[in-house]
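Here's the structure, in structure tokens; my notes come after.
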Amino acid sequence: DVKVTQSSRYLVKRTGEKVFLECVQDMDHENMFWYRQDPGLGLRLIYFSYDVKMKEKGDIPEGYSVSREKKERFSLILESASTNQTSMYLCASNRGRGNQPQHFGDGTRLSIL
Amino acid sequence: AQSVTQLDSQVPVFEEAPVELRCNYSSSVSVYLFWYVQYPNQGLQLLLKYLSGSTLVKGINGFEAEFNKSQTSFHLRKPSVHISDTAEYFCAVSELFQKLVFGTGTRLLVSP
């Protein structure tokens, strides 16, 4: 079974802090994704990566960056956290080019005070 | 570009009743379609997928969905729901070499 593990279930940070969200998958998937989930808005794609050291912007990349130094790990970085980044963050992975389902972690609920 | 519409934000239903969650998509090319379920405080779990072939797709937990190309729909159905089906359901679409696009979700509320 595919396992996508997000390092924290709940996280509380202060405005202006640099925040790291970590995600690890154990199925050798090429593709990894970061989403944020907000009520009434569904899931919105922040960044994704098709290979190590490669990254592409999703629909809402502003205020975020990512890092993929190893195939199994994809990190989301909030350079200077703001209150409007309070949200649920979901990491996912898959293989292929659009025709394979994504496997999700349990999410990190991030609160910025 | 593809998009997904889930018109119902919330669907209340009694236990053992049938349910249909609606999903419509827009795309100019062939698509792949997915339904995911999210239980409270968890990530998304795949319910079923349509990649090609038979338009009636069966998934886990007794759910099924029918792909209707002419109506650009992929509605999710279950003939008899349980309390444990209470969750949020997301429809998603992708095209080959394109990213997955999600609907805004439908919250299914099953009461005794």
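Quick note on labels: first sequence line is chain A, next is B, and so on, each numbered from 1.
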### Query
Just checking heavy atoms, which of residues 103-112 of chain B are less than 4.5 Å from chain A?
B:Gly103, B:Thr104
### Query
How would you list, by chain and number, every residue that makes a side chain to side chain donor-acceptor pair (under 3.5 Å) with B:Glu20, sequence neighbours excluded?
B:Arg77
### Interatomic distance, B:Lys69 atom NZ to B:Leu33 atom CG [nearest 0.5 angstrom]
11.5 Å
Name each donor-acceptor pair under 3.5 Å that joins a side chain in residues 104-113 of chain A to protein atoms two or more places apart or in another chain, with its distance.
| residue | atom | partner | partner atom | Å |
| --- | --- | --- | --- | --- |
| A:Thr108 | OG1 | A:Gln6 | NE2 | 3.3 |
| A:Thr108 | OG1 | A:Ser8 | O | 2.5 |

### Task
Check for a donor-acceptor pair, side chain of A:Gln25 on one end and backbone N or O of A:Met27 on the other, with a separation under 3.5 Å.
yes
### Task
Kindly say whether A:Lys3 contributes a backbone atom to a donor-acceptor pair with the side chain of A:Asp26 at under 3.5 angstrom?
yes
### Message
At a 4.5 Å cut-off on heavy atoms, which part of A:Tyr10 comes close to chain B: side chain, backbone, both, or neither?
### Response
side chain
### Query
Between A:His103 and A:His29, is any pair of side-chain heavy atoms under 4.5 Å apart?
yes
#### Entry: Contact class of A:Tyr35 relative to chain B, heavy atoms under 4.5 angstrom
side chain
### Query
Top residue by heavy-atom pair count (under 4.5 Å) with chain A, among B:Gln45, B:Gln42, B:Gln6?
B:Gln42
### Message
More than 12 heavy atoms of other residues, nucleotides or ligands under 6.0 Å from CZ of A:Arg9: yes or no?
### Response
yes
#### Entry: chain B contact via A:Leu90 - which portion, at a heavy-atom distance below 4.5 Å
side chain
### Query
Which residues in residues 83-90 of chain B have a heavy atom less than 4.5 Å from any heavy atom of chain A?
B:Glu88, B:Phe90
### Task
Give a yes or no on this: more than 12 heavy atoms of other residues, nucleotides or ligands lie within 6.0 Å of atom OH of B:Tyr39.
yes
### Message
A:Asp38 vs A:Ser87, test: side-chain hydrogen bond (donor to acceptor under 3.5 Å, both in side chains). Steps then yes/no.
### Response
CA-CA 6 Å; A:Asp38 300 287; A:Ser87 186; 2.8 Å; yes
### Query
In terms of side-chain heavy atoms, does A:Ser49 have a donor or acceptor partner in A:Asp51 at a distance below 3.5 Å?
no
### Query
Where does B:Leu44 contact chain A at under 4.5 Å (heavy atoms): side chain, backbone, both or neither?
both
### Task
Compare all side-chain heavy atoms of A:Phe48 with those of A:Trp34 and state whether any distance is below 4.5 angstrom.
no
### Query
Will you find, in the side chains of A:Ser80 and A:Glu17, an N or O donor that is under 3.5 Å from an N or O acceptor?
no
